[in-house]
Amino acid sequence: QVQLVESGGGLVQAGGSLRISCAASGLTFSSYAMGWFRQAPGKEREFVAAISWGGAAIYYADSVKGRFTISRDNAKNTVYLRMNSLKPEDTAVYYCAAGRYLRATPDYNYWGQGTQVTVSS
């Protein structure tokens, strides 16, 4: 079965950096677009970033553009999200997702369980 396992979340001070990872198994990783979404308490899940199967196309939410970088290593079946200049409003559970098509909407086939990122002020 398909599994997406996020890791690397934690507590960081405002202005700091963090890299979270998502390891995939049970699917042909290089055939899937990958996305990162986040959900803060009391808010809807929102799009953060997405990358095409080969990495040629990348989307970012305006709120993270210039601060976050999505990347993937198809040899390791892993997608990464490097987060710099973190702000308290970036605090959320971060989810990775895999889908056949590159989208900025939650129309992905598979989802991970999430990793908590907390940014203190």
Side-chain angles (χ1 to χ4, degrees):
Q1 71 278 20
V2 175
Q3 281 193 311
L4 302 177
V5 180
E6 299 96 336
S7 61
L11 175 64
V12 62
Q13 287 190 331
S17 297
L18 203 61
R19 189 182 79 161
I20 56 177
S21 304
C22 172
S25 61
L27 77 171
T28 306
F29 182 75
S30 58
S31 297
Y32 282 80
M34 299 297 296
W36 284 100
F37 292 77
R38 66 187 182 186
Q39 188 166 19
K43 295 188 176 182
E44 292 187 353
R45 190 170 298 190
E46 65 172 358
F47 170 74
V48 175
I51 186 168
S52 61
W53 64 270
I58 290 176
Y59 297 161
Y60 292 104
D62 288 343
S63 59
V64 306
K65 204 171 292 184
R67 299 188 298 123
F68 289 12
T69 302
I70 188 171
S71 62
R72 66 189 297 160
D73 186 338
N74 286 347
K76 295 182 178 180
N77 287 3
T78 301
V79 62
Y80 305 96
L81 186 68
R82 174 70 178 182
M83 303 180 289
N84 295 329
S85 302
L86 282 161
K87 306 174 181 180
E89 51 264 43
D90 294 318
T91 295
V93 177
Y94 284 71
Y95 299 90
C96 73
R100 284 295 191 177
Y101 303 102
L102 182 65
R103 301 183 191 275
T105 57
D107 300 307
Y108 284 73
N109 301 94
Y110 305 105
W111 292 84
Q113 82 290 347
T115 187
Q116 176 71 47
V117 173
T118 303
V119 184
S120 63
S121 57

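Here the structure is a predicted model, which is why all the values come from computation and not from measurement.
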inquiry  = Would you compute the distance between atom CZ of R72 and atom SG of C22 and round it to the nearest 0.5 angstrom?
reply    = 10.0 Å
request  = Would you mind telling me which of I70, D73, I51 makes a side chain to side chain contact (heavy atoms under 4.5 Å, CB included) with Y80?
outcome  = D73
inquiry  = Which residue in the set Y95, W111, Y94 passes ring pair (Phe, Tyr, Trp, His ring centres under 6.0 Å) when paired with F37?
reply    = W111
message = With a 4.5 Å cut-off on side-chain heavy-atom distances among I, L, V, M, F, W and Y, is there a chain of contacts connecting I58 to V48?
response = yes
ask   = Could you give the distance from CZ (R19) to OG (S71), rounded to the nearest 0.5 Å?
value = 7.0 Å
key: Nearest heavy atoms of L27 and A98, plus distance in Å   = CD1-CB, 4.0 Å
query = When you measure from the side chain of R38 to the backbone N and O of V117, does any donor-acceptor pair fall under 3.5 Å?
reply = no
Connected via hydrophobic side-chain network under 4.5 Å: V79 and Y110 = yes
query = Quick check: does any side chain N or O of N77 sit under 3.5 Å from a backbone N or O of G26, one acting as donor and the other as acceptor?
reply = no
key: Least distance between heavy atoms, A50 atom then Y108 atom   = CB-OH, 3.5 Å
query = Does the side chain of T28 come within less than 4.5 Å of S30's, by heavy atoms?
reply = yes
ask   = If you measure from the Lys or Arg side-chain nitrogens to the Asp or Glu carboxylate oxygens, is any gap between D90 and K87 under 4.0 Å?
value = no
inquiry  = According to side-chain hydrogen bond (donor to acceptor under 3.5 Å, both in side chains), who are the partners of Q3, at least two apart in sequence or on a separate chain?
reply    = none
task = Using the rule that two of Ile, Leu, Val, Met, Phe, Trp, Tyr join whenever any of their side-chain heavy atoms come within less than 4.5 Å, decide whether Y101 and M34 are in one cluster.
result = no
message = Tell me if a side-chain donor or acceptor on Q39 pairs with a main-chain N or O of A92 at a distance below 3.5 Å.
response = no
request  = Check for a donor-acceptor pair, side chain of E6 on one end and backbone N or O of G114 on the other, with a separation under 3.5 Å.
outcome  = yes
ask   = What heavy-atom pair brings A14 and P88 nearest, and what distance separates the two atoms?
value = CB-CD, 4.1 Å
Donor-acceptor contact below 3.5 Å, side chain R82 vs main chain S17 = no
inquiry  = Which heavy atom of L18 sits nearest to which heavy atom of G10, and what is that distance?
reply    = CD2-N, 3.9 Å
Contact check, side chains of S21 and K76, non-hydrogen atoms, under 4.5 Å = no
key: 4.5 Å side-chain heavy-atom contact, L86 and F68   = yes
inquiry  = If you count every heavy atom of other residues, nucleotides or ligands that lies below 6.0 Å from K43 atom NZ, does the total exceed 12?
reply    = no
remark   = So OH of Y59 and CZ of R103: to nearest 0.5 Å the spacing works out to 10.0 Å
request  = Would you sort out whether M83 and W36 count as a side-chain contact (heavy atoms from CB on, under 4.5 Å), showing the intermediate values?
outcome  = CA-CA 12 Å; M83 303 180 289; W36 284 100; over 6 Å; no
Sub-4.5 Å side-chain heavy-atom contact between T91 and Q116 = yes
Passing candidate, side chain to side chain contact (heavy atoms under 4.5 Å, CB included) with L81, options T115, I20, T69 = I20
